[in-house]
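Report on one structure; see the data block that follows.
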Amino acid sequence: MKSTILTGIKPTGQVHLGNYIGAIKPALELAKMQTHQHAYFVADYHSLTKIHHAEELRHLSYGIAATWLALGLDPEKVIFYRQSDVPEVFELNWILACFASKGLMNRAHAYKAIVDQNRQLDKDIDSGVNMGIFTYPILMAADILMFQTDIVPVGKDQVQHVEIARDIADSFNRTYGDTFKLPEYKIQEETAVLPGLDGRKMSKSYNNTIPLFVEPKKLQKLINKIKTDSTPPEEPKDPNQSVLFSIYKEFATPLEIEKMREQYVSGISWGEAKKQLFQVMNRFLEEPREKYNELMASPEKLDEILKRGVEKARAVSKPFLKEIKCKLGMNV
Ligand code: ADP
Ligand code: TRP
C-alpha cells in the first residue's frame, strides 16, 4: 500500500501571499510525488471554533477549495474533500477523545496561549475558550488517523498537534492492538517567512497582508503600500534588507533575481522596484486568479468536485471506522 500524505487548511480568512509561499506552494510540490497517496482537505469544522457566521464560513470554505484548484491541484490525482462531509471523522473524534488525557489538552499551545493572556489581563483563565478550541487537537488527530496518514506537511505552529495525534494513536493501540499508524510531521524549514506590508511577518492577525487573488489594480496599490525607507533613488541599497526584494525573489526567475540584485547595488528607486515587483507577481498570478474567479463564480462546480472527493474519502473512512468500532465492542 502507498503511504499517505495528508494536510488541511482551515478557512478562517482570505488566503494571502504568506500562506501561499509557506504552506500551499510546498504542499503542491509534494502532491507531485507519485509514490504516495495524497489527501487535501478544507478544515471547515476547525474554523467553527472561530467563525460563527454562516455566509462567511461558506464563502471562506469555497475560497480555500478554489485556491487549491486554481494553483494547480488535480482533484483526480488526490483525495480532495471538505472535512464536514466526512461524518466518520466525527465519530472517530469522540472515540479518540476517550483516549486523550485532559492534561494533554491543557498543554496544547493554542489553548495555553489564551489562558496565559487571560491571566495577564486578570481575567478568568478560560474566558473566551469554547470546547472546540480546547479539543481542537483531538479533531485534528481524527483527521490524520482516519486516513492512516504517514506524513503531515505543516507549519511549525502545528507540530505539537501532530505529536498529540501520535500520542493518542499510541494510547489506543496499546489498549486494542495495532490499529492506527503513527504519523510524522514534515515542516517546511527551508521556506521563507514572507514579510508583510509593514515588514513584520505577513499575517491576517497583523492586517498587513497581500491577498493572493486581488485584482491587478488593487495588487499594485498594495505593493505601493509596502514600507520602504528614505534612501534617495540613486543611492545603493541592500537587497537583503528589503521587503520588496524578499517578495520579488519568490516570483522572479533566477536571472531576474540576479539582475535585480545588481540594480539594488547600483541604485534603483523604490518606485521602480515596486513596479518591477508588480510585474513578476502579476505574471505569475494572472492565470490562477482567472481560474479562482471562475470557480468562485460557480460554487456548484466546486460542490461537484468536492462531492467526488468525499466519495473517495469515505471509501476509506467507512470500512476503517467499522473495524475500529468492532474492536471497541460495538456491533456494526
Ligand atoms: P495567518 O498568520 O495569516 O493567520 P495561518 O496561521 O492561518 O496564517 O497560516 C496558514 C499556513 O500559512 C501555515 O502553514 C503558516 O505556516 C503559513 N504562513 C502564514 N503566514 C506566513 C508567512 N508570512 N510566511 C510564510 N508562511 C506563512
Ligand atoms: N490545524 C491546522 C491549521 O491550523 C489545520 C488542520 C486541521 C490540519 N486538520 C489538519 C492540518 C490535519 C494537517 C492535518 O493550519
Side-chain angles (χ1 to χ4, degrees), residues 4-30 38-51 60-61 63-64 67-68 71 79-84 86 89-90 92-93 96 108-111 113 132-133 135-166 168-169 181 183-212 226 243 246-247 249-250 313 317:
T4 299
I5 299 179
L6 169 142
T7 198
I9 295 193
K10 64 174 193 282
T12 48
Q14 240 183 337
V15 177
H16 57 73
L17 285 178
N19 301 142
Y20 170 66
I21 299 300
I24 299 175
K25 194 175 164 194
L28 287 170
E29 279 303 312
L30 282 177
H38 302 268
Y40 289 84
F41 66 98
V42 181
D44 55 347
Y45 261 123
H46 273 112
S47 297
L48 193 60
T49 59
K50 269 200 195 143
I51 311 265
L60 291 173
S61 298
I64 297 288
T67 299
W68 280 119
L71 290 166
I79 308 180
F80 180 58
Y81 59 99
R82 188 164 33 205
Q83 183 190 34
S84 63
V86 186
V89 168
F90 305 101
L92 183 59
N93 177 61
L96 297 180
H109 295 320
Y111 169 67
I133 294 175
T135 59
Y136 186 106
I138 303 178
L139 180 56
M140 186 156 158
D143 290 328
I144 295 170
L145 302 179
M146 186 86 247
F147 294 93
Q148 296 290 34
T149 305
D150 297 272
I151 302 168
V152 189
V154 281
K156 278 197 191 111
D157 57 322
Q158 297 297 314
V159 166
Q160 190 196 28
H161 289 157
V162 181
E163 286 169 343
I164 290 176
R166 277 180 78 89
I168 298 176
K181 270 198 184 166
E184 312 255 356
Y185 55 80
K186 179 170 169 39
I187 36 176
Q188 284 97 37
E189 288 280 15
E190 66 284 3
T191 59
V193 170
L194 202 75
L197 300 177
D198 55 0
R200 290 189 291 173
K201 169 189 181 272
M202 187 178 289
S203 168
K204 52 184 174 284
S205 329
Y206 298 149
N207 232 337
N208 64 354
T209 70
I210 300 182
L212 199 51
I226 295 174
V243 175
S246 306
I247 305 180
K249 276 196 303 195
E250 299 294 338
S317 62

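Counting starts at 1 for both ligands and their atoms, in listed order. FYI, the numbering just counts along the sequence from 1.
A distance-only check finds no donor-acceptor pair linking the side chain of T149 to the backbone of P183 [under 3.5 Å]. A donor-acceptor pair under 3.5 Å is formed between the side chain of Y40 and the backbone N or O of A27. The main-chain N or O of H109 is found under 3.5 Å from a side-chain atom of Q160 such that the two form a donor-acceptor pair. Side-chain atoms of D44 come within 3.5 Å of backbone N or O of S84 as a donor-acceptor pair.
Under the side chain to side chain donor-acceptor pair (under 3.5 Å) criterion, Y111 pairs with D126, not counting sequence neighbours.
For the side chain to side chain contact (heavy atoms under 4.5 Å, CB included) criterion with L6, the lone passing option out of D150, I79, I151, I144 is I144.
Contact shell of ligand 2 (protein heavy atoms, cutoff 4.0 Å): L6, T7, G8, K10, F41, A43, H46, Y136, M140, D143, I144, V152, V154, Q158. Under 4.0 Å from any atom of ligand 1, one finds heavy atoms of residues H16, G18, N19, G22, A23, G155, A192, V193, L194, K201, M202, S203, K204.
Checked against the 6.0 Å centroid criterion, the rings of F147 and F41 do not qualify as a close aromatic pair.
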Could you list the donor-acceptor pairs under 3.5 angstrom formed by side chains in residues 13-20, with sequence neighbours left out?
| unit_1 | atom_1 | unit_2 | atom_2 | d |
| --- | --- | --- | --- | --- |
| H16 | ND1 | G18 | N | 3.0 |
| H16 | ND1 | N19 | N | 3.3 |
| H16 | NE2 | N19 | OD1 | 3.4 |
| H16 | NE2 | N19 | ND2 | 3.3 |
| N19 | OD1 | H16 | N | 3.1 |

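Around OH of Y185, the count of heavy atoms belonging to other residues, nucleotides or ligands within 6.0 Å does not exceed 12.
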